[in-house]
Colleague: 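The structure under discussion is supplied below as structure tokens; questions concerning it will follow.
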Amino acid sequence: MTTMTEASVREFKMPDVGEGLTEAEILKWYVQPGDTVTDGQVVCEVETAKAAVELPIPYDGVVRDLHFPEGTTVDVGTAIISVDVGGGSAAPAPAAEQPAAAQPAAAAPAEEPKAAGSGRQPVLVGYGVATSSTRRRPRKGPEVPVQQASTAIQTELNGHAPTAPAPAPAAAQAAPAGPDRPLAKPPVRKLAKDLGVDLTTVVPTGPDGIITREDVHAAVAAAVPAAAEPSVASAPAAAPASYDTARETRIPVKGVRKATAAAMVGSAFTAPHVTEFVTVDVTRTMKLVEELKADKEFAGLRVNPLLLIAKALLVAIRRNPDVNASWDEAAQEIVVKHYVNLGIAAATPRGLIVPNIKDAHAKTLPQLAESLGELVSTARDGKTSPAAMQGGTVTITNVGVFGVDTGTPILNPGESAILAVGAIKPQPWVHKGKVKPRQVTTLALSFDHRLVDGELGSKVLADVAAILEQPKRLITWA
């Protein structure tokens, strides 16, 4: 039997693959105990609140143990895989033969302090390396009813919150706490502030009495009238990805869908939304789309109405730059952006995401077409990176692809405006003094009334409509 020193074992910890993310779900393992791995090899795929991401291992060695099974949600900074880098081999632990609940997570060597140079230890910025015993977070059952309206469609998410665990021994606190200060990490405190939740009224269910994001959402949902649901006691202790009862199917809210729900609720209760509408004849724009498809400059590129709508919005922003702004609550300032990161709402199997085209304002029409094509294909493949969804300034949501005439889109958090595009279809229209069938659509612009007043919002929407009615303005207004 080959022996192995603990000094030769390195623990790869769940990294923060976004900005300030606190947890991720292990979707799939690509290696098993006993497998040889090399520096840079992808060992697993995880889903964060922003996207699905593949994680490469940062060193060479032999896999000793996988600390968590697929489907487990793990805190950032927690060891997820052990690798022997000493060149020895060890009998792989029969983890797959043991029930998940029977695997002692506390046995992972990650609990011990590491010597310098023992490998990268990415942890959540501001919290350092966890020193308490690692706990496996059980897969959450459905949460309490939460209703959220997305920028593409309105979806109702129903379920209930996890049962509160028994009190745990005192441990390192996530934030300084006095007698009247509840325990919660800074991101959770910000979420509570954005949603208007008093943390002193929230019942904590996290370890050591810490308030979690789920607790905050439960408090919000409890304050909103909702249809009666079965009690928490009726839910199984550990739910699969989705499960059926005799009369309903329950789907746990997590990952991208959970983040979208939280973001939309936060946006709806933080930014005062105003929505304006305009119906416009886009017959000339549709003719231009067909002409561009035959243009050699667009060979191999996807040309559709969304391309010209995006360009029209960019021109309208250039003519009305104050609409491209954000609200800095801490500094009490309006921040006008001199660049446009154009978000495009995309429906994916994991839920609605809003990746954005960086510096879209500086792109030519063929470059914009290429960027739109890459954005859509990447989103459909589920490979959108967290970075691609950060830093957006304005967004377009195309509800017309579902045959919908219009809608009242909710702002993407941190942005000032979002343009909804309805279905383009033939309608009777007065054209040159006669009623004729024309290609018509309805545009809806929602904006943050703290940043954008009625005059500015109206000018932006009117400019977009004018360009789509007479696309030659893309040249004359350029």
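Given the structure is predicted, the values throughout are model-derived calculations rather than measurements.
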Colleague: Rounded at 0.5 Å granularity, tell me how far OH in Tyr59 sits from CD in Gln41.
Modeller: 13.0 Å
Colleague: Decide yes or no on side-chain contact (heavy atoms from CB on, under 4.5 Å) for Leu443 and Leu468, but give the supporting numbers first.
Modeller: CA-CA 11 Å; Leu443 307 175; Leu468 296 180; 4.0 Å; yes
Colleague: Quick one: closest heavy-atom pair of Leu445 and Phe447, and the distance?
Modeller: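 Closest approach of Leu445 to Phe447, heavy atoms only: O-CD2, 3.8 Å.
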Colleague: Yes or no on side-chain contact (heavy atoms from CB on, under 4.5 Å) for Val37 and Ile57, after CA distance, side-chain angles and deciding distance?
Modeller: CA-CA 8 Å; Val37 294; Ile57 200 77; 4.2 Å; yes
Colleague: Considering non-hydrogen atoms only, spot the tightest contact between Asp215 and Pro204 and give its length.
Modeller: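 For Asp215 and Pro204, the tightest heavy-atom pair comes out as OD2-CA, 3.5 Å.
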Colleague: Should Leu66 and Ile80 count as side-chain neighbours, where that means a heavy-atom distance under 4.5 Å?
Modeller: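 With C-beta onward as the side chain, the pair stays apart.
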Colleague: Name the atoms and distances for all side-chain donor-acceptor pairs under 3.5 Å in residues 361-380, with sequence neighbours left out.
Modeller:
unit_1	atom_1	unit_2	atom_2	d
His361	ND1	Val340	N	3.2
Thr364	OG1	Gln367	N	3.3
Thr364	OG1	Gln367	OE1	3.4
Gln367	OE1	Thr364	N	2.9
Ser371	OG	Gln367	O	3.1
Ser377	OG	Gly373	O	3.1
Ser377	OG	Glu374	O	3.1
Thr378	OG1	Glu374	O	2.8

Colleague: Return the minimal non-hydrogen interatomic distance between Thr384 and Pro355, and the atom names on each side.
Modeller: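 Heavy-atom minimum between the residues: CG2-CB, 3.9 Å.
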Colleague: Just to verify, what does Lys28 make a salt bridge (Lys or Arg N to Asp or Glu O under 4.0 Å) with, not counting sequence neighbours?
Modeller: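 So Lys28 forms no salt bridge (Lys or Arg N to Asp or Glu O under 4.0 Å) with any residue.
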Colleague: Can you tell whether the side chains of Lys383 and Asp381 come within less than 4.0 Å, N to carboxylate O?
Modeller: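 Looking at Asp381 together with Lys383, the answer is no, because their closest N to O distance does not fall below 4.0 Å.
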Colleague: Going by atom types alone, do Asp75 and Thr78 pair a side-chain donor with an acceptor below 3.5 Å?
Modeller: no
Colleague: What is the distance from atom CD1 of Ile344 to atom CG of Leu306, rounded to the nearest 0.5 Å?
Modeller: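 Result: 5.0 Å between the selected atoms.
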Colleague: Show every salt bridge (Lys or Arg N to Asp or Glu O under 4.0 Å) that has at least one partner inside residues 279-294, sequence neighbours left out.
Modeller: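 Sorted result for residues 279-294: Asp281-Arg438, Glu290-Lys293.
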Colleague: Name the atoms and distances for all side-chain donor-acceptor pairs under 3.5 Å in residues 454-467, with sequence neighbours left out.
Modeller:
unit_1	atom_1	unit_2	atom_2	d
Glu455	OE2	Lys459	NZ	3.4
Ser458	OG	Glu276	OE1	3.0
Ser458	OG	Glu276	OE2	3.1
Ser458	OG	Gly454	O	2.7
Asp463	OD2	Arg319	NE	3.0
Asp463	OD2	Asn320	ND2	3.0

Colleague: Taking all atoms of both residues into account, what is the closest heavy-atom pair of Gln439 and Ile424, and its distance?
Modeller: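 What the structure gives for the nearest pair is OE1-CG2, 3.7 Å.
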Colleague: Applying salt bridge (Lys or Arg N to Asp or Glu O under 4.0 Å) as the test, list every pair that has at least one member in residues 295-315; sequence neighbours left out.
Modeller: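 Residue pairs passing salt bridge (Lys or Arg N to Asp or Glu O under 4.0 Å), neighbours aside: none found.
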Colleague: Counting distance only, does the side-chain N/O of Gln390 pair as donor-acceptor with the main-chain N or O of Ala387 below 3.5 Å?
Modeller: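 Checked: no pair found.
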Colleague: Test Ser446 against every option in Thr397, Thr408, Thr275, Thr395 by the side-chain hydrogen bond (donor to acceptor under 3.5 Å, both in side chains) rule and name the one that passes.
Modeller: Thr275
Colleague: Start with the C-alpha gap between Glu23 and Met14, add the side-chain angles, then the distance that decides, and say whether side-chain contact (heavy atoms from CB on, under 4.5 Å) holds.
Modeller: CA-CA 8 Å; Glu23 62 185 19; Met14 179 69 74; over 6 Å; no
Colleague: With rounding to the nearest 0.5 Å, note down the distance linking NZ in Lys337 to CG in Asp322.
Modeller: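 These two atoms lie 13.0 Å from each other.
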Colleague: Just how far is it from atom CG of Asp35 to atom CD1 of Ile81, taken to the nearest 0.5 Å?
Modeller: 9.0 Å
Colleague: Do Glu70 and Glu45 have side chains that approach each other closer than 4.5 Å (heavy atoms only, starting at C-beta)?
Modeller: no
Colleague: So, Arg318 side chain and Trp477 main chain: donor-acceptor pair closer than 3.5 Å or not?
Modeller: yes
Colleague: Mind checking whether Val282 and Val440 have side chains closer than 4.5 Å, heavy atoms only?
Modeller: no
Colleague: Do the side chains of Val289 and Leu308 get nearer than 4.5 Å, heavy atoms only?
Modeller: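 Contact flag for Leu308/Val289 side chains = yes.
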Colleague: Begin from the C-alpha positions of Leu307 and Phe298 and carry the test side-chain contact (heavy atoms from CB on, under 4.5 Å) through to its verdict.
Modeller: CA-CA 12 Å; Leu307 171 62; Phe298 292 86; 4.3 Å; yes
Colleague: Pick out which of Val83, Leu55, Val63 makes a side chain to side chain contact (heavy atoms under 4.5 Å, CB included) with Phe12.
Modeller: Leu55
Colleague: Any heavy-atom pair between the side chains of Val74 and Val46 that's under 4.5 Å?
Modeller: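 Not in contact.
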Colleague: Any side-chain heavy-atom pair from Ile210 and Leu183 closer than 4.5 angstrom?
Modeller: yes
Colleague: Calculate, to the nearest 0.5 Å, the distance between atoms CG and NE2 belonging to Asp359 and His338 respectively.
Modeller: 13.0 Å
Colleague: Checking side-chain polar atoms at under 3.5 Å, does Glu415 have a donor or acceptor matched by the opposite partner on Asn412?
Modeller: yes
Colleague: What pairs of residues pass the salt bridge (Lys or Arg N to Asp or Glu O under 4.0 Å) test when at least one of them lies in residues 384-397, not counting sequence neighbours?
Modeller: none
Colleague: Could you tell me whether the side chain of Val216 reaches within less than 4.5 Å of the side chain of Leu199, counting heavy atoms only?
Modeller: yes
Colleague: Quick one, Trp429 and Thr279 - any side-chain contact, counting heavy atoms below 4.5 Å?
Modeller: yes
Colleague: Nearest 0.5 angstrom please: Cys44 SG to Glu54 CD, how far?
Modeller: 9.0 Å
Colleague: If you compare all heavy atoms of Asn324 against all heavy atoms of Ser416, which two are closest, and at what distance to 0.1 Å?
Modeller: CA-OG, 4.1 Å
Colleague: Any side-chain donor-acceptor pair under 3.5 Å between Thr442 and Asp405?
Modeller: no
Colleague: Give me the atom names and distance for the closest heavy-atom approach of Gly40 to Pro56.
Modeller: O-CB, 3.5 Å
Colleague: Please determine which of Val452, Asp448, Leu451 meets the side chain to side chain contact (heavy atoms under 4.5 Å, CB included) test together with Ile334.
Modeller: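 The residue from Val452, Asp448, Leu451 that satisfies side chain to side chain contact (heavy atoms under 4.5 Å, CB included) with Ile334 turns out to be Leu451.
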Colleague: Say whether Asp60 and Thr38, considering side chains only, have a donor N or O and an acceptor N or O under 3.5 Å apart.
Modeller: no
